[in-house]
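Scroll down for the structure; my scribbles are underneath it.
Atoms within a ligand are numbered from 1 in the order they appear, just like the ligands themselves.
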Amino acid sequence: MELKGKHIVLGVTGGIAAYKAAELVRLLIKQGATVQVAMTESATHFVTPVTFQALSGKTVFTDQWDARITNNMAHIDLSREADALLIAPASADFLAKVAQGLADDLLSTLVLARDCPLLVAPAMNRQMWDNPATQRNAATLRTDGIKILGPGCGDQACGETGLGRMIEPEEIVAELIAHFQPKLLTGKRMLITAGPTFEAIDPVRGITNLSTGKMGYAIARAAREAGAAVTLVSGPVALPCPQGVTRISVSSALQMCEAVHNHVGNNDTFVAVAAVADYRPIRTSAQKIKKDGSAPQAIELVLNPDILAEVAALPQPPLCVGFAAESENLHEYAEKKRRAKKIPLIVGNLIQQGFGGDTNTLILFDDDGQHPLPPAPKIELARQLVARIATLLEKR
Ligand code: C5P
């Protein structure tokens, strides 16, 4: 319910991606938003207003002169309570209209008369998107403070492949949620490690752990929502990369360590969430190890570098944040770890309460003491952690 209490006016313009707007309405409502749909006349040739009416539970307007609007002030009334006006799909023609400030139908009039942020998700053939006129219009929209979502790259309804397709409804919803988050980290850069590492024994076997990467990925998403440029160094996980985040995929602790050292230089904050394997096999067999009937081979281990401690020991370290996942004595172990690694903030959690799941319970330990964060979805906790990081960055 990340859009609870938000009122969204969704404008649908004429393009084949209009069918995806129906799914978009469903997803927005699932996140707790109320949705008022307005369509251009040409959009109704692709999907009927009845579809949107059934999904939104509200009358769908298409006509400026609709007799149901008693005062004939549709352009004012429909968007009065809106927290955002979203146009998806936004056709090339509609973008041109908005760029020029034209208001010759209900939706374009709504846009011109709005008193809320406008987000548009373009959808068109790749050549229409590439056309200098469209690019000029897109640049004008950006200058006017209008947020352009996408477009995406891929197969198009016309059979061509390229840039111009509407980003997926799930991505639009994620962008809208991000839009409403406070921009606490604008201009900041954050490097994050997440997930497990995999320490190879041979080409098919290795030592790893059950970290899912969910907490690290949630922090990456929350930091990006807050306006930071985020680089995520990720061990092997089955999660999609959060939108707008640069992901570097690694496998072993040594690879993770190298990636971190390569990127840490221009970051303000380093958040080490990865469950890095403490040890790796001294040797990795190039060939699959065969069982030959004799006694099993012992695997000799060697200590991995402590990535977080290494970064914290740099001459000019970024703000370093560590995680302490413990199964007991959380307070004692977390504080001990914070001092041992010489980091200003450590996030403690009991493994029983968060490992693998979508929710967690955290305690932040820093120089000001302890800050318990009660049980909540990981993305909620990640946003609270990002707020704490923003405060600490301000103090630096
Ligand atoms: O020492 P311990 O593994 O308990 O510390 C956990 C914290 O240190 C986490 O933030 C983890 O990401 C980080 N860490 C690391 N490199 C290691 C081991 C842990 O960055 N080799």
Side-chain angles (χ1 to χ4, degrees), residues 190-200 206-220 222-223 230-237 239 247-265 267 269-282 301-314 317-356 360 362-366 373 378 381-382 385-386 388-389 392:
M190 186 183 284
L191 181 66
I192 301 169
T193 63
T197 63
F198 180 87
E199 311 301 326
I207 300 169
T208 187
N209 59 67
L210 291 176
S211 166
T212 58
K214 284 180 184 171
M215 195 64 223
Y217 275 58
I219 294 167
V230 181
T231 307
L232 178 62
V233 179
S234 175
V237 297
L239 298 172
R247 175 164 66 177
I248 299 164
S249 295
V250 297
S251 182
S252 67
L254 286 183
Q255 288 170 357
M256 185 173 273
C257 192
E258 191 188 349
V260 165
H261 280 292
N262 285 345
H263 289 86
V264 75
N267 280 275
T269 309
F270 174 56
V271 188
V273 198
V276 184
D278 290 322
Y279 301 95
R280 66 178 183 279
I282 283 189
L301 299 175
V302 60
L303 196 62
N304 269 326
D306 187 324
I307 306 170
L308 177 56
E310 283 188 7
V311 172
L314 289 172
L319 178 82
C320 285
V321 181
F323 268 70
E326 304 294 346
S327 58
E328 58 178 355
N329 300 336
L330 177 61
H331 291 65
E332 182 194 332
Y333 290 160
E335 259 306 335
K336 220 183 203 171
K337 215 169 269 188
R338 189 169 88 89
R339 278 193 296 271
K341 297 188 195 248
K342 298 192 177 68
I343 54 175
L345 171 61
I346 197 150
V347 184
N349 74 294
L350 282 170
I351 289 166
Q352 305 87 300
Q353 287 174 334
F355 211 75
N360 210 344
L362 303 179
I363 305 179
L364 312 188
F365 299 85
D366 60 23
L373 307 183
K378 285 182 174 171
L381 295 169
L385 175 61
V386 158
R388 186 71 200 151
I389 288 172
L392 294 179

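- Checking K341, E326, R338 against atom 8 (O) of ligand 1, the nearest heavy atom belongs to K341.
- A distance-only check finds a donor-acceptor pair linking the side chain of T197 to the backbone of A277 [under 3.5 Å].
- Looking only at side-chain heavy atoms (C-beta outward), I219 and F323 come within less than 4.5 Å of each other.
- In the vicinity of L308, heavy-atom distances shorter than 4.0 Å reach the ligand 1 atoms 8 (O), 10 (O), 13 (C), 15 (C), 20 (O).
- At distances below 3.5 Å, not a single donor-acceptor pair connects side-chain atoms of R280 with backbone N or O atoms of L301.
- With a 4.0 Å cut-off on non-hydrogen atoms, N304 does not touch ligand 1 at all.
- When hydrogens are left out, the protein atom nearest atom 4 (O) of ligand 1 is K337 NZ, 2.3 Å; that is the closest non-hydrogen contact.
- A 4.5 Å side-chain heavy-atom check between V271 and I389 finds at least one atom pair inside the cut-off.
- Between the N304 side chain and the A253 main chain, no donor and acceptor come within less than 3.5 Å of each other.
- Within the listing of ligand 1, atoms 16 (N), 17 (C), 21 (N) sit less than 4.0 angstrom from a heavy atom of P305.
- When only non-hydrogen protein atoms are considered, atom 3 (O) of ligand 1 lies nearest to D278 OD1, 4.0 Å.
- Atom 6 (C) of ligand 1 has F323 O, 3.1 Å as its closest protein atom, hydrogens excluded (heavy atom only).
- With hydrogens left out, the protein atom closest to atom 10 (O) of ligand 1 is A272 O, 2.6 Å, a heavy atom.
- For the pair N349 (side chain) and L362 (backbone), a donor-acceptor distance under 3.5 Å is absent.
- Shortest contact from atom 17 (C) of ligand 1 to any protein heavy atom: V276 CB, 3.5 Å.
- Some N or O of I307 is nearer than 3.5 Å to an N or O of ligand 1, by distance alone.
- Looking only at distances, no side-chain donor or acceptor of N360 sits under 3.5 Å from a matching main-chain atom of M215.
- Near A274, with a cut-off below 4.0 Å to any heavy atom, the atoms of ligand 1 are 11 (C), 12 (O).
- Less than 4.0 angstrom separates some heavy atom of G322 from each of these atoms of ligand 1: 10 (O).
- Remark: side-chain polar atoms of T193 are paired, donor with acceptor, to backbone N or O of V273 under 3.5 angstrom.
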